[in-house]
Amino acid sequence: MPDPQTAQSSPTPVTVAAVQMVATPLVEENLASAERLITLAAEKGAQLVCLPEYFCLMGRRDTDKVAAREAPGDGPIQAFLARIAREHRIWLIGGTVPLATDSLERVWNATLAYDPAGVQVARYDKIHLFSFSRGTDSFEEARTIQAG
């Protein structure tokens with residue numbers, strides 16, 4: 001018979017929702033869409049909800065994310081993430097949020113995690129930035145994103 005003091009209990013299952021959405025150039029519109037989808041996930045029992053990269057903004061130009069940047073710990077996108085995590089008492093992974101750097105031309109592409117009390121408990125700044133070049137077509141995230 002196993003010793004009850006050393007026996008390990010089975011892990012508790014966690015229901016996870018991976019939200020898929022098409023972001024627009026309007027932050028307010030994207031937050032409204034995210035709120036609807038997060039609410040649906042929470043109503044279906046999700047305890048952890050993950051939003052996609054740049055759920056909050058898909059700009060027309062690379063510099064649009066720079067214009068929408070927020071100071072770390074302050075701004076409407078971060079306030080939204082904290083509020084929605086708290087209201088639904090869920091763990092929430094905030095896709096990515098454009099956070100201000102020391103440069104006025106670049107942002108951190110930051111993934112933020114919130115606990116069920118709405119407290120930011122983790123932050124990850126994207127390290128490996130995307131780059132593509134073929135003939136006349138090219139894209140370079142490093143133009144507007146600071147590597148973490």
Novice: Using the salt bridge (charged side-chain N to carboxylate O under 4.0 Å, His left out) rule, collect all pairs that involve residues 85-102, keeping only residues at least two apart or in two chains.
Specialist: Arg83-Glu87
Novice: Within the 4.5 Å heavy-atom criterion, are Pro72 and Arg123 side-chain neighbours or not?
Specialist: yes
Novice: Do the side chains of Pro98 and Glu70 get nearer than 4.5 Å, heavy atoms only?
Specialist: no
Novice: Under a 4.5 Å side-chain heavy-atom rule over Ile, Leu, Val, Met, Phe, Trp and Tyr, are Trp108 and Leu104 clustered together?
Specialist: no
Novice: Got a donor-acceptor contact below 3.5 angstrom from the Thr111 side chain to the Gly95 backbone?
Specialist: yes
Novice: Do you reckon Val66 sits in the same ILVMFWY cluster as Leu112, going by side-chain contacts under 4.5 Å, direct or chained?
Specialist: no
Novice: Under 3.5 Å, is there a donor-acceptor pair between the side chain of Gln78 and the main chain of Ala71?
Specialist: yes
Novice: Which pairs of donor and acceptor atoms, one on a side chain in residues 40-60, lie under 3.5 Å apart (sequence neighbours left out)?
Specialist:
residue	atom	partner	partner atom	Å
Gln47	OE1	Thr15	N	2.8
Glu53	OE2	Asn109	ND2	2.8
Glu53	OE2	Lys126	NZ	3.2

Novice: Could you check whether any side-chain N or O of Glu35 sits under 3.5 Å from a backbone N or O of Leu31, counting only pairs where one atom can act as donor and the other as acceptor?
Specialist: no
Novice: Test: salt bridge (charged side-chain N to carboxylate O under 4.0 Å, His left out). Region: residues 19-31. Which pairs qualify, not counting sequence neighbours?
Specialist: none
Novice: Between CZ of Arg69 and CD of Glu105, what distance do you get to the nearest 0.5 Å?
Specialist: 8.5 Å
Novice: Which other residues end up in the same hydrophobic cluster as Tyr124, if Ile, Leu, Val, Met, Phe, Trp and Tyr are linked when side-chain heavy atoms come under 4.5 Å apart?
Specialist: Ile127
Novice: Is the backbone of Thr24 close enough, under 3.5 Å, to the side chain of Asn30 for a donor and an acceptor to pair up by distance?
Specialist: yes
Novice: Minimum heavy-atom separation for Tyr114 to Ala85, with atom names?
Specialist: CB-CB, 3.9 Å
Novice: Would you say Ile84 ends up clustered with Ile93 if hydrophobic residues are merged whenever their side chains have heavy atoms under 4.5 Å apart, either directly or through other cluster members?
Specialist: no
Novice: Among all residues two or more places apart in sequence or in another chain, which pass the salt bridge (Lys or Arg N to Asp or Glu O under 4.0 Å) test with Asp64?
Specialist: Arg61
Novice: So, does Thr101 use its side chain to make a donor-acceptor pair with the main chain of Arg106 at under 3.5 Å?
Specialist: yes
Novice: Listed by chain and number, what are the side-chain contact (heavy atoms from CB on, under 4.5 Å) partners of Ala117, not counting sequence neighbours?
Specialist: Asp115, Val119
Novice: With side-chain contact (heavy atoms from CB on, under 4.5 Å) as the criterion, how do Val121 and Trp91 come out once you've worked through the C-alpha distance, each side chain's angles and the decisive distance to 0.1 Å?
Specialist: CA-CA 10 Å; Val121 295; Trp91 289 88; 3.8 Å; yes
Novice: Rounded at 0.5 Å granularity, tell me how far CD in Gln120 sits from CG in Leu81.
Specialist: 9.0 Å
Novice: Are Val107 and Phe80 co-members of a hydrophobic cluster defined by side-chain heavy atoms under 4.5 Å apart?
Specialist: no
